Amino acid sequence: MALLHSVLSPVLSWMCLCSLMYIFGTGLLAVVAVLTVRKVWYSHRLSCFSKPPANSWLLGHLGQIQSTEEGLQQMDDLVKTYKHSCYWVLGPFYHLVRLFHPDYVKPLLMAPASMTVKNGLIYHHLQPWLGHSVLISNGEVWSRKRRLLTPAFHFDILKSYITIFNSSSKIMHDKWCRLVAEGKTNLEMFDHVSLMTLDSLLKCAFSYDSNCQESPSEYVSAIVQLCDLVTQRHHNILHHWDWIYWKTQQGKLFKQTLNIVHRFSRDVVQKRRALLKAQREITQCEVAPTSQRRKDFVDILLLTRDEDGQGLTDEEIQAEANTFMFAGHDTTASAICWTLYNLARHEHYQEKCRQEVMDLMEGRDGHEIKWEDLPKLPFTTMCIKESLRLHTPVQAVSRSYTQDMVLPGNRTVPAGEICLVSIYGTHHNPIVWTNPNVSTWSLIPIDLTQKFAMTELQVVVALTLLRFRLTPGVNPELGSSRVRRLPQIVLRAEGGLWLQLENDPQR
């Protein structure tokens, strides 16, 4: 018996090994066959779009364009070569259409909400952070939230915010004056401006005085880290699956950092909720009604009701608060920093803007921009909009659609396909813009910002030029004034964006 076992054991082991190899080989062939069929099917569906040369059959264009200065330059070359659109493959899983011409972008961005889907290519990675907010939601859910939140951005409310924009700018500028007096004239803009826009946002939308400009902000540092982690995840295709990503060191760091951001926003909302409850109790005890204060964004989140009398759930309130805190301060900070940078590089236009502001403020006591002043700054506003074209805060958005989308040139994007709308590519398309990477300082007929952000941009830029002269600074990491763009969720600069400040003695 022992002899029989010793003879059969190697044979059985070899048969088991062969069976496993057969199963593995069959499975691998099946996967290759599925991927091949899928690739041929997608190639046929999107054959009306030109396809740039790919890295390989399996990886496609994965890794060809990174979130770096070189990546933006490669995007310039892509736009120059393919004019309006192209077919792009990211590994074996993502097949998409990249679009970078206004005539091709317009039909997509103007499509009704009922047929538009914000797909997971970009927004899935933001969902743990921003929840199912108005930025990420689709269809009727999006429409309902949009209806509920629209009153928060009424012109009458925006008018009252301009005083806060002035005061927050003054805090930042006074700090700059102290630093310049100490001989620290080479300053990194994002550090200061991000704190200023966060300060404004919290005061405007949440009636919350954080004093963040005078003390270190754990929240702002966490926001910067989250943006970096989301960008890294986007470029690592294996990290697109949650069950893999949350087990990695980056995934664990993301959760830790996310806790800081969510704890901060939750604390702000809870304090406001408690204050509203106390105010209702006081009002009920009063004999004569008192005049009501304006409602902030957070008030509308907590109090708004739809036509069925239903308000936002606690989860929805938290999602909208997180979204507005991030999007309301970080994109605006990016726009302000790059506008100041562009003016620092073009002394003539900086002086022309400054003179426009000085003429407006002539004969006034103090430095304060009023609501009715904003239309009287046409050249400064044109420069802001041109800076938004040159250095778009948000580089791209992704969409898919529930029905076929017809584009110029008899091209059709089939229903369900991912469309990556390149805002950067559209704003640097040489077919649309003559010499697209050089400032034309002309009025751009594309309003990239909401009125809230544009109002803050106008106030901050005008008051900065009134008190300081700007020239390009020196980046300590690079040892030069060279600026390398860093496209993350919002556009930043590698090692920061440094400017040299000179306090205007006349102001």
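None of these values were measured; they are calculated from a predicted model.
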May I ask you to decide whether [X] forms a salt bridge with [Y], counting only side-chain N to carboxylate O separations under 4.0 Å?
X: Lys370; Y: Glu372; result: no
X: Arg484; Y: Glu494; result: yes
X: Lys203; Y: Asp199; result: yes
X: Asp267; Y: Arg272; result: no
X: Asp242; Y: Lys247; result: no

Atom [atom1] of [X] and atom [atom2] of [Y]: how far apart are they, to the nearest 0.5 Å?
X: Leu229; Y: Lys255; atom1: CG; atom2: NZ; answer: 13.5 Å
X: Gln225; Y: Gln256; atom1: CD; atom2: CD; answer: 9.0 Å
X: Lys252; Y: Thr257; atom1: NZ; atom2: OG1; answer: 14.0 Å
X: Thr197; Y: Gln213; atom1: OG1; atom2: CD; answer: 8.5 Å

Identify, with sequence neighbours excluded, every residue that meets side-chain hydrogen bond (donor to acceptor under 3.5 Å, both in side chains) alongside Gln355.
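With neighbours one apart ignored, the set is Asp359.
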Listed partners of Ser168 passing side-chain hydrogen bond (donor to acceptor under 3.5 Å, both in side chains), at least two apart
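Per chain and number, Ser168 pairs via side-chain hydrogen bond (donor to acceptor under 3.5 Å, both in side chains) with Ser200.
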May I ask you to check whether Trp88 and Tyr94 place their ring centers less than 6.0 Å from one another?
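Between Trp88 and Tyr94, the centre distance exceeds or equals 6.0 Å.
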Ring centres of His239 and His125 under 6.0 Å apart?
no
Please list all pairs passing the ring-ring contact (aromatic ring centres under 6.0 Å, His included) test where one or both residues lie in residues 453-472, with sequence neighbours left out.
His173-Phe468, Trp176-Phe468
Please list, chain by chain and in numerical order, all residues satisfying side-chain contact (heavy atoms from CB on, under 4.5 Å) with Arg178, sequence neighbours excluded.
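Listed in chain order: Asp174, Lys175, Glu214.
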Quick one: does NZ or CZ of Arg233 land under 6.0 Å from the six-membered ring centre of Trp246, within 45 degrees of the ring axis?
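Pair Arg233/Trp246 counts as cation-pi.
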Is the charged tip of Lys271 near the ring of Tyr208: under 6.0 Å from the six-membered ring centre and within 45° of its axis?
no
Considering all heavy atoms, the nearest Thr392-Leu491 contact:
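Between these two residues, the closest heavy atoms are O-CB, 3.6 Å.
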Ser215 side chain to Asn211 backbone, donor-acceptor under 3.5 Å
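Such a contact is found between Ser215 side chain and Asn211 backbone.
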Among all residues two or more places apart in sequence or in another chain, which pass the ring pair (Phe, Tyr, Trp, His ring centres under 6.0 Å) test with Trp498?
none
Qualifying residues under ring pair (Phe, Tyr, Trp, His ring centres under 6.0 Å), relative to Tyr341, sequence neighbours excluded
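Ring pair (Phe, Tyr, Trp, His ring centres under 6.0 Å) list for Tyr341, sorted by chain: Trp338, His391.
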Stepwise, does the side-chain hydrogen bond (donor to acceptor under 3.5 Å, both in side chains) test hold for Glu456 with Thr332?
CA-CA 8 Å; Glu456 186 170 13; Thr332 309; 4.6 Å; no
